[in-house]
Engineer: 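Got a structure for you, written out below as C-alpha cells; questions coming shortly.
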Amino acid sequence: MSFPSPARLPVALFVFAFSLISVSDEIAMGRDAQQQVRKSVPVVSDGALNAFVTQVGTQLAAQARGPRYPYSFSIANYRELNAFALPGGPVWINRGILHAAASEAQLAGVLAHEIAHIAQRHAADQITKQLVANGFLGLLGAVLGNDPGAARTAQAGARLLAGSYMLKFSRDDEREADAIGSQIMRRAGWDPRGMAEFMELLRRQQGRDPGSVEIFLSSHPAPGERAEALRRSLGSRASGRRDSTAFRTAKARAVRLTPPPRSMSAK
Ligand SMILES: [Zn+2]
C-alpha cells in the first residue's frame, strides 16, 4: 500500500490530530486489540509462569509516569525472541524471551521497554499519524465541530489501525522507550544494565539463529547500537536487583512448556 508520507503533512495538523485519541479511546482500542491477539496467538496458560511475569511487570508499571493505564502481561507460546505492547496497557512477551534471558534484570529490561512505549503513548501517536495518512483527517473538522457521526467514523478507523497489533514505532520512539524503560527499572529496584545485556544477547543471537530474532529486528534499531547508547547513559556502576530464585524457577518452567501446534507456530 502506498499512502502519502505523514512527514510531508504540515506539523500543525498533527497538533490538532493528536487530541483525536484520548486516553480512554486508547484503552478501548487496546482492549479490542487484546481480544484479537488472544484469538490469534497460542497463549501460555501456565498459572505460575503468568503470575511471575505479571508480578515483575506490575512492579515495573507502578513506576511508569503518565496516565494510569490498566497494564496487563501475557505470554505467547513462541520460541522467537519478541515482545510487543498494545495501546493502553496490554504487554506481550514470547516464551522465547524467558528461554533467552539470563537474569531477572534482563527480563525486566524487555518488559520495561514495552511499558515505556505505553506510558509515552507511542501507539496513540502512530495511530494518529496513520489516520492522517489514510485520509481520516478530512473528518477532523467535523469531529472538532462536535459531529458525532464523523467522530464515530474516525474512531472506528483508529480502532481498525490499533487492531493491526504490531504497530511500527519510529526510531525516536524506540530510543525513548529504552531511556524511559531504564529509568523505570531503576525506580522499581532492578539493575537497568539488564536491558543493555539483553540487547547484547539479541545481537549474538542474530549471528547464531537469525530466524529467531528476525521479527524483532525488523521493528527495532540494531541491538548493538541500542546497547551502546544505554551503556553510555548508565555507566558501569552496579545498582539494583539482578536475579532471583523465582526467575530461575520460571525460566525452567518456560523451557519445559509444550510447543504450540505447528499451524500456529508460523505466525
Ligand atoms: Zn520497542
Side-chain angles (χ1 to χ4, degrees), residues 6 21 26 29-30 33-34 37 41 53 56-57 60-61 63-67 69 71-76 78 80-98 100-101 105-130 161-186 188 190 192-203 205-206 212-234 267:
I21 295 170
E26 208 184 344
M29 285 175 206
Q34 176 77 344
V37 175
V41 312
V53 171
V56 174
L60 289 162
Q63 299 302 325
R65 312 245 204 254
Y69 288 111
Y71 288 95
S72 68
F73 302 88
S74 312
I75 311 166
Y78 292 132
E80 290 78 16
L81 275 66
N82 198 18
F84 63 91
L86 298 176
V91 172
W92 282 83
I93 61 167
N94 284 357
R95 71 185 278 197
I97 297 281
L98 290 161
Q106 293 186 8
L107 169 68
V110 174
L111 293 171
H113 174 94
E114 300 305 328
I115 290 168
H117 275 310
I118 294 170
Q120 300 303 111
R121 308 198 69 209
H122 290 160
D125 199 6
Q126 290 305 316
I127 291 167
T128 299
K129 283 179 188 163
Q130 289 187 42
L161 291 168
S164 56
Y165 56 88
M166 292 246 267
L167 287 165
K168 189 156 166 32
F169 298 125
S170 69
R171 290 182 74 85
D172 283 347
D173 287 350
E174 294 303 341
R175 262 193 292 271
E176 189 175 65
D178 287 346
I180 300 281
S182 67
Q183 290 165 20
I184 290 174
M185 285 180 83
R186 200 189 288 281
W190 275 281
R193 291 175 309 161
M195 190 186 274
E197 288 160 14
F198 193 81
M199 286 164 197
E200 274 304 329
L201 190 148
L202 284 168
R203 193 180 59 78
Q205 190 75 5
Q206 197 176 7
S212 69
V213 288
E214 200 185 326
I215 300 173
F216 183 88
L217 294 180
S218 70
S219 60
H220 284 84
E225 270 171 45
R226 294 173 65 199
E228 185 53 41
L230 271 171
R231 266 195 301 266
R232 266 200 307 275
S233 70
L234 297 173
K267 266 205 153 253

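If you read the sequence from its start, that first residue is 1, and numbering goes on from there. Just so we're clear, the structure is a prediction, and the values are computed from it rather than from any experiment. Remember, it's 1-based here, ligands and their atoms both numbered in the order they're listed.
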Engineer: Tell me the closest heavy-atom pair linking Gln126 and Ser170, and the distance in Å.
Structural biologist: NE2-N, 3.8 Å
Engineer: For the Zn ion (ligand 1), what is the closest N, O or S atom on His113?
Structural biologist: NE2
Engineer: Show the nearest heavy-atom pair for residues Gly30 and Leu86, with the distance to one decimal.
Structural biologist: O-CD1, 4.2 Å
Engineer: Please give me the minimum heavy-atom distance between Gln34 and Ser72, naming the atom from each residue.
Structural biologist: NE2-OG, 4.1 Å
Engineer: If you round to 10 degrees, what value do you get for the angle at the Zn ion (ligand 1) between His220 atom NE2 and His117 atom NE2?
Structural biologist: 170°
Engineer: Among the N/O/S atoms of Glu174, which is closest to the Zn ion (ligand 1)? Give the atom name.
Structural biologist: OE1
Engineer: If the threshold is 4.0 Å, N to carboxylate O, is there a salt bridge linking Asp172 and Arg175?
Structural biologist: yes
